[in-house]
Trainee: 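Handing you a structure now.
This one's a predicted model, so the numbers in the text were calculated from it and none came from an experiment. All values below come from the heavy atoms of this structure, side chains included, with hydrogens, waters and symmetry mates left out. Chain identifiers are assigned alphabetically (A, B, ...) following the order of the sequence lines, protein sequences preceding nucleic acid strands; residue numbering begins at 1 within each chain.
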Number of protein chains: 2
Amino acid sequence: MHEQETCVAVRDVLSRVGDKWSVLVVSMLRDRPLRFSELRRTIEGISQRMLTLTLRGLERDGLVARTVTPTVPPRVDYALTDLGRTLLDPVLALAAWADGHRGEIARARERFDRKDPGKQD
Amino acid sequence: MHEQETCVAVRDVLSRVGDKWSVLVVSMLRDRPLRFSELRRTIEGISQRMLTLTLRGLERDGLVARTVTPTVPPRVDYALTDLGRTLLDPVLALAAWADGHRGEIARARERFDRKDPGKQD
DNA sequence: CAGAATCCCCTAGGATACTG
DNA sequence: CAGTATCCTAGGGGATTCTG
């Protein structure tokens with residue numbers, strides 16, 4: 001599994017998944033396409049700069065399709081591609097893991113921080 | 001799924017998974033415990049600073065257990081905990097996805113970059 | 001051997017202002 | 001409405017040096 005190329009590919013997907021907004025955006029598009037402004041309103045906390053950058057990244061990787069309707073004002077819809085849809089499964093599995101074990105993780109952290117005081121403020 | 005708390009928990013696990021070394025370290029520990037120096041040699045490219053930090057983070061989250069044998073020179077072994085082992089499945093699924101679709105992703109990028117020249121140097 | 005400390009750089013990401 | 005363009009900062013991560 002570690003033939004270098006694979007390793008690089010995996011790391012670069014993981015860093016995409018690990019960035020602050022990509023997974024959230026993808027999961028928002030799960031049911032139907034959404035407009036830029038809908039994403040912006042729904043996601044809460046995202047700046048429009050980061051929404052743009054995140055969508056560009058996802059589009060570049062072929063996970064999201066961008067459709068412009070050239071009206072005035074313009075309308076732009078974003079939808080998951082087939083490829084993007086296949087990503088949903090493993091990502092949601094990981095999210096489920098995170099949700100299912102967050103209690104254990106929180107307790108582990110408390111224990112660790114109690115043993116090792118002053119290191120984390 | 002987006003009750004805020006869950007969302008935060010998920011994001012923080014994803015950022016762990018998305019950092020440069022954590023997943024690689026966890027996957028190296030899949031079969032048996034390893035010493036610090038074994039990890040350092042096997043991983044290739046990691047600085048000992050980042051190996052230390054990564055291991056501390058994993059230990060803090062309860063994913064990895066650290067065992068010190070107080071000899072001279074000291075010996076320190078790292079092993080996956082049960083919790084860490086349960087993470088293996090979803091993470092490897094994601095890695096498999098990344099490996100399985102890296103061709104598609106690469107092609108999507110080429111297409112995108114051809115359409116939009118000069119933006120990514 | 002297994003680290004802690006230090007220095008330094010670079011990028012992710014936020015805030016704000018402007019435009020077609 | 002759906003973006004660019006700027007400016008700015010916190011922190012991830014590398015290289016190097018020191019120590020029990």
Trainee: Under 4.0 Å between a side-chain nitrogen and a carboxylate oxygen: does that hold for A:D113 and A:K115?
Mentor: no
Trainee: Side-chain N or O of B:S37 versus OP1/OP2 of C:dA2: is the shortest distance under 4.0 Å?
Mentor: yes
Trainee: More than 12 heavy atoms of other residues, nucleotides or ligands under 6.0 Å from CZ of A:R109: is that the case?
Mentor: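 Buried by this count: over 12 neighbours within 6.0 Å.
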Trainee: Set out, line by line, the N/O atom pairs under 3.5 Å between protein and nucleotides 12-17 of chain D.
Mentor:
| unit_1 | atom_1 | unit_2 | atom_2 | d |
| --- | --- | --- | --- | --- |
| D:dG13 | OP1 | B:K20 | N | 3.1 |
| D:dG13 | N7 | B:R49 | NH2 | 2.7 |
| D:dG14 | OP1 | B:K20 | NZ | 2.8 |
| D:dG14 | OP2 | B:W21 | NE1 | 3.4 |
| D:dG14 | N7 | B:R49 | NE | 3.4 |
| D:dG14 | O6 | B:R49 | NE | 3.2 |
| D:dT17 | O4 | B:Q48 | NE2 | 3.2 |

Trainee: Of all the choices, C:dG3, D:dC1, D:dG3, which nucleotide is nearest to the side chain of B:T52 once you look at every atom?
Mentor: C:dG3
Trainee: Rounded to whole angstrom units, what separation is found between the CG atom of A:L34 and the P atom of D:dC1?
Mentor: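 Checked: the CG to P distance equals 15 Å.
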Trainee: Take A:V64 and A:L80, measure what side chain to side chain contact (heavy atoms under 4.5 Å, CB included) needs, and give me the verdict at the end.
Mentor: CA-CA 4 Å; A:V64 157; A:L80 285 184; 4.1 Å; yes
Trainee: So, B:S15 and B:D12: side-chain donor and acceptor under 3.5 Å apart, yes or no?
Mentor: no
Trainee: B:T86 side chain to B:L83 main-chain N or O, any donor-acceptor pair under 3.5 Å?
Mentor: yes
Trainee: Taking CD from B:E59 and P from C:dA2, how many angstroms apart are they, rounded to a whole number?
Mentor: 15 Å
Trainee: Quick one: does NZ or CZ of B:R102 land under 6.0 Å from the six-membered ring centre of B:W97, within 45 degrees of the ring axis?
Mentor: no
Trainee: How many whole angstroms separate atom CZ of A:R16 from atom C1' of C:dT11?
Mentor: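 After rounding, the reported distance stands at 14 Å.
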Trainee: Write down the distance between CG (B:D77) and C1' (C:dC1), rounded to a whole number of angstrom.
Mentor: 12 Å
Trainee: Looking only at side-chain N and O atoms, does A:R35 come under 4.0 Å of OP1 or OP2 in D:dC1?
Mentor: no
Trainee: Think A:Y78 has a side-chain N or O under 4.0 angstrom from the OP1 or OP2 of D:dC1?
Mentor: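 Answer no for this pair, as no side-chain N or O of A:Y78 is under 4.0 Å from OP1 or OP2.
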Trainee: Going hydrophobic residue to hydrophobic residue with side-chain gaps under 4.5 angstrom, can you get from B:V68 over to B:V72?
Mentor: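 No, it is not one cluster - the side chains of B:V68 and B:V72 are not joined through contacts under 4.5 Å.
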Trainee: Kindly say if B:R66 contacts the phosphate of C:dG3, meaning a side-chain N or O under 4.0 Å from OP1 or OP2.
Mentor: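 For B:R66, the contact criterion (side-chain N or O under 4.0 Å from OP1 or OP2 of C:dG3) is met.
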Trainee: To the nearest Å, give me how far apart CG (A:L55) and P (D:dT4) are.
Mentor: 11 Å
Trainee: D:dG3 C1' sits how many Å from A:L51 CG, rounded?
Mentor: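 That distance rounds to 10 Å.
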Trainee: In whole angstroms, how far is the P atom of C:dA2 from the CZ atom of B:F36?
Mentor: 7 Å
Trainee: For A:R41, which contact category applies under a 4.0 Å heavy-atom criterion: base, sugar-phosphate, or nothing?
Mentor: nothing
